[in-house]
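See structure below.
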Amino acid sequence: MSRVEAKKPSLCTCELLTKEIISKSLSVLREIVTSCYGPSGRLKQLHNGVGGSICTTSSSSFLFSNLSVTHPILKILTTSVQNHVSRFSDCGLFTAILCFNLVENFQRLNLSTATVIKISKHLLSLCTDYLNSESCGCRISIDFSNMKTLLCLVQSILTSKPACLLNKKEADHISTLILKAFLLTIPEKAKDHAILGKSIIIPLKDERVMNSTVLPGIVIEMPEVQLMRKFPIKKLPSDVLKVALFCISMSGDISDPGDGTLVISYGVSLESAVLDQLLNLGNQLISDHVDIVVCQKVIHPALKQYLHQHHIITIDRVGISLMEPLCEMTGAQTIGSLSLISPTSYGYVKDLCSTNFGSKHYFHLIPNDSTVCSLLLCNRNETAWNELKLACQTAQHILQLTIRQPLALLGGGCTETHLASFIRHTGINVPECILKVNDCTQTEYKIVTNAFCNALQSVACSLEHDKGKILTDRKYGHFWSIQPDFPSNVKWQDLVSKCGCGLYGNQEELNWCLLQDIHSFAPLNSSVQQATNSTGHLTLDCFTAKLHGLQVAVETASLILDLSYIIEDKN
């Protein structure tokens with residue numbers, strides 16, 4: 001018998017977590033995450049070291065789910081970001097980088113942790129109040145009667161994922177398809193509480209991106225054995241097709257009795273009895289004039305043949321993920337029994353046809369009036385396709401969030417620099433009542449405010465990966481980037497072209513300066529909506545996702561700074 005060790009008590013680190021401990025644990029992960037940020041972010045290859053697939057990505061959801069972290073502080077941060085991404089799909093890297101910068105900047109302050117946390121939470125409330133106000137200078141309203149801003153929002157998501165390997169033409173094409181698919185999920189006759197439909201992504205790997213398309217209804221891959229058969233359905237133009245959806249196996253297999261005993265009478269063939277039951281089911285489907293039988297699992301070949309002889313199409317192995325969209329599109333109820341079927345369980349489709357994309361053939365179930373559609377998504381290889389699929393799913397979710405709150409924030413670093421300018425300006429003269437509530441002095445408030453604003457600006461600076469210089473303007477407080485090696489005798493106006501979000505150009509006298517040299521000023525905000533209506537392509541961020549990411553970053557940084565003990569079970 002092997003020796004059994006007594007359980008060891010949990011290890012408790014009693015001393016306060018020092019700045020060095022926290023900084024060391026965060027430094028490597030901060031560099032990894034920061035280098036992935038933005039359209040020119042560097043890609044990362046993730047693998048487990050003992051074989052298996054390799055993931056090439058710059059997306060936060062792939063990054064944090066594949067990174068193995070052991071330090072409790074890192075677990076807190078990565079868990080916070082993953083929870084944010086699971087709810088909002090976007091702004092994961094923004095949230096992580098801001099949290100890193102806040103922790104690092106706040107640690108340098110010679111102030112009590114309690115004071116820093118109080119003031120930072122107050123600054124967070126100022127940010128959220130400003131972003132939610134009508135006077136916000138980095139927020140725009142989304143007009144659903146004009147597809148321009150929605151298309152910009154989708155394009156911004158796709159272009160921020162370089163692992164998708166899309167050129168401009170391909171990014172525009174996929175963005176248009178995503179928007180088209182999203183519009184198809186919106187019911188035409190929506191009441192007070194409209195329920196959005198579903199857009200199903202169908203993989204087509206090793207194909208040209210421009211071959212991607214959107215089709216109303218559901219597309220299901222056709223097995224090779226059915227390619228040789230003609231559709232047996234005899235349908236009049238005015239008819240609809242009756243559909244039966246089965247969520248159980250129709251293969252004739254016997255359920256596992258578990259610990260019980262299966263008793264079979266002498267001379268009875270179990271296989272024949274089960275097949276007879278399947279054929280009886282087939283007779284009921286025939287008598288109910290069913291045209292299409294769809295099964296989540298497997299249909300017995302004999303039952304397939306029998307139904308085919310009676311002009312009924314069979315589609316099996318569709319998987320659990322398609323069952324809910326099929327129910328929504330056809331109006332059918334899933335059938336979980338091989339006995340008598342209720343007539344109310346059936347649904348209907350307008351038509352069924354075959355189609356092919358690339359080397360694959362598909363059934364195409366065409367609905368009467370449905371909010372279900374299929375996005376056939378192509379890309380050059382599996383790695384690029386996986387990243388593109390994630391980007392498309394993110395864009396679909398962001399559009400859904402935008403329906404609830406039809407707002408967007410200026411992207412490309414402009415929201416961060418503009419917001420930092422606003423917060424700095426509000427901190428010039430702080431009312432005595434605010435200082436009293438936060439139990440701090442005017443000097444302490446300004447010190448924390450400066451660290452907070454520097455953290456916001458550092459997020460914007462993370463978009464520059466080629467050692468370029470970062471500028472801002474003293475009029476709107478937007479983000480501008482120029483090449484690292486520029487002549488010293490050239491004016492800023494001759495070096496810049498567009499701000500990060502694309503809203504303003506160099507035609508205006510904006511009084512540029514290096515971002516680190518900026519002083520407090522009140523950024524203008526009155527002309528944002530008018531400017532967005534007259535400008536070309538904009539880089540936009542989801543309002544809901546970014547606002548929540550800002551809150552998560554500040555709250556997580558406060559939690560990390562407030563840690564006093566770490567208790568670990570080493571058994």
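Heavy-atom basis, side chains included; hydrogens, waters and symmetry copies ignored.
With ring centers used as reference points, H84 lies under 6.0 Å from F88.
When side chains are defined from C-beta on, L515 does not count as touching L471, because their heavy atoms never get closer than 4.5 Å. Residues M147 and L179 have side chains in contact (heavy-atom distance under 4.5 Å, counting atoms from C-beta outward). With contacts defined as side-chain heavy-atom distances shorter than 4.5 Å, the pair I76/L563 qualifies. Y445 places a side-chain heavy atom less than 4.5 Å from the side chain of L123. Put simply, the side chain of L46 does not reach to within 4.5 Å of the side chain of I54, judged on heavy atoms. Taking 4.5 Å as the limit, every side-chain heavy atom of P203 sits out of range of all side-chain heavy atoms of L377. Counting heavy atoms from C-beta on, the side chains of T417 and L456 never come closer than 4.5 Å. Looking only at side-chain heavy atoms (C-beta outward), C36 and L63 come within less than 4.5 Å of each other.
Interatomic distance, L547 CG to C542 SG, rounded to the nearest 0.5 Å: 9.5 Å. Distance CH2/W385 to CD/E207: 13.0 Å, rounded to 0.5 Å. How far CG of N438 is from SG of C440: 5.0 Å, rounded to the nearest 0.5 Å. T34 contributes atom OG1, which lies 9.0 Å from atom CG of L93 (distance to the nearest 0.5 angstrom). Taking NZ from K161 and OG from S59, the interatomic distance works out to 4.0 Å, rounded to the nearest 0.5 Å. The distance from the CG atom of L538 to the CG atom of L151 is 11.5 Å, given to the nearest 0.5 Å.
In this structure, N66 contributes its side chain and F62 its backbone to a donor-acceptor pair below 3.5 Å. Distance alone, capped at 3.5 Å, places no donor-acceptor pair between the S374 side chain and the I200 backbone. In this structure, N146 contributes its side chain and K148 its backbone to a donor-acceptor pair below 3.5 Å. Distance alone, capped at 3.5 Å, places no donor-acceptor pair between the D466 side chain and the G468 backbone. With hydrogens and angles ignored, the 3.5 Å screen pairs a side-chain donor or acceptor of S156 with a backbone N or O of L540. Put simply, the side chain of R139 never gets that close to the backbone of G137: no donor and acceptor are under 3.5 Å apart. Within the 3.5 Å criterion, the main-chain N or O of A96 finds no donor-acceptor partner in the side chain of R30. Under the 3.5 Å distance criterion, the side-chain polar atoms of T78 are left unmatched by any main-chain donor or acceptor of F64. Side-chain N or O atoms of H173 include one that pairs as donor or acceptor with a backbone N or O of S212 at under 3.5 Å. The closest donor-acceptor contact from the side chain of D473 to the backbone of L510 lies at 3.5 Å or more, if one exists at all.
In this structure, K498 is not positioned above the aromatic face of Y504 in the sense of NZ or CZ being under 6.0 Å from the six-membered ring centre and within 45° of the axis.
Ring geometry for H418 versus Y130: interplanar angle under 30°, hence parallel rather than tilted (30 to 60°). Using a 30° and 60° split on the angle between ring planes, W480 and W512 fall in the perpendicular class, above 60°.
Between the side chains of S175 and Q155, no donor N or O sits under 3.5 Å from an acceptor N or O. In the model, Q551 has no side-chain atom that pairs as donor or acceptor with a side-chain atom of T128 under 3.5 Å. A donor and an acceptor atom, one from each side chain of E328 and T371, are located under 3.5 Å apart. Remark: the R424 side chain and the N454 side chain contain an N/O donor-acceptor pair separated by less than 3.5 Å. Side-chain N/O atoms of T70 and K75 include no donor and acceptor closer than 3.5 Å. No donor-acceptor contact under 3.5 angstrom links the side chains of T394 and S89, judged on distance only. Side chains of Q396 and S199: a donor on one and an acceptor on the other come within 3.5 Å.
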Next item on the list: Could you please spell out the steps behind the side chain to side chain donor-acceptor pair (under 3.5 Å) verdict for S481 and E464?
Entry: CA-CA 8 Å; S481 176; E464 175 56 60; 2.7 Å; yes

Check: Are R380 and E170 close enough, and set up right, to give a salt bridge (charged side-chain N to carboxylate O under 4.0 Å, His left out), and what steps lead you there?
Finding: CA-CA 12 Å; R380 298 169 179 82; E170 292 169 341; 2.6 Å; yes

Next item on the list: Report the C-alpha separation of N110 and I447 in whole Å, then their side-chain angles, then the decisive distance to 0.1 Å, and conclude whether the side-chain contact (heavy atoms from CB on, under 4.5 Å) test is met.
Entry: CA-CA 10 Å; N110 192 23; I447 291 173; over 6 Å; no

Note to self: Under the criterion salt bridge (charged side-chain N to carboxylate O under 4.0 Å, His left out), I'd like the reasoning laid out for E416 against K546: C-alpha separation, chi angles, the key distance, then a yes or no.
What the structure shows: CA-CA 11 Å; E416 289 87 340; K546 197 151 198 175; 2.9 Å; yes

Margin query: Set out, in order, the CA-CA distance, both residues' side-chain angles and the distance that settles side-chain contact (heavy atoms from CB on, under 4.5 Å) for L166 and L388, then state yes or no.
Written below: CA-CA 9 Å; L166 301 179; L388 181 58; 3.8 Å; yes

Margin query: Applying side-chain contact (heavy atoms from CB on, under 4.5 Å) to I117 and F106, what does each step give before you reach the verdict?
Written below: CA-CA 9 Å; I117 291 174; F106 288 161; over 6 Å; no

Next item on the list: Please step through side chain to side chain donor-acceptor pair (under 3.5 Å) for the pair Q405 and T544, ending with a clear verdict.
Entry: CA-CA 7 Å; Q405 198 166 17; T544 308; 3.2 Å; yes

Notebook entry, point to check: Are D562 and K118 close enough, and set up right, to give a salt bridge (charged side-chain N to carboxylate O under 4.0 Å, His left out), and what steps lead you there?
Noted result: CA-CA 11 Å; D562 204 29; K118 279 185 179 181; over 6 Å; no

Margin query: I'd like to know whether L131 forms a side-chain contact (heavy atoms from CB on, under 4.5 Å) with L550, so could you lay out the CA-CA distance, the side-chain angles of the two residues, the decisive distance to 0.1 Å, and finally the verdict.
Written below: CA-CA 11 Å; L131 293 175; L550 175 65; 4.2 Å; yes

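By the 4.0 Å N-to-carboxylate-O rule, K205 lies close enough to E382 to be salt-bridged with it.
Other residues, nucleotides and ligands contribute more than 12 heavy atoms inside 6.0 Å of the CG atom of L514. A 6.0 Å sphere centred on CD of Q516 holds more than 12 heavy atoms belonging to other residues, nucleotides or ligands. For K469, the NZ atom counts as loosely surrounded, since its 6.0 Å shell holds 12 or fewer non-hydrogen atoms of other residues, nucleotides or ligands. More than 12 heavy atoms of other residues, nucleotides or ligands lie within 6.0 Å of CG in N167, so this atom counts as buried by the packing criterion.
I178 approaches C392 most closely through the heavy-atom pair CD1-SG, 3.6 Å. In terms of heavy-atom proximity, N105 sits nearest to A455 at ND2-N, 3.3 Å. Taking all atoms of both residues into account, the shortest heavy-atom contact from L124 to F452 is N-CZ, 4.4 Å. Between C501 and G411, the shortest heavy-atom distance links the atoms CB-O, 3.2 Å. Between S120 and V554, the shortest heavy-atom distance links the atoms O-CG1, 3.9 Å. Nearest approach of Q400 to F182, heavy atoms of both residues: N-CE1, 3.9 Å.
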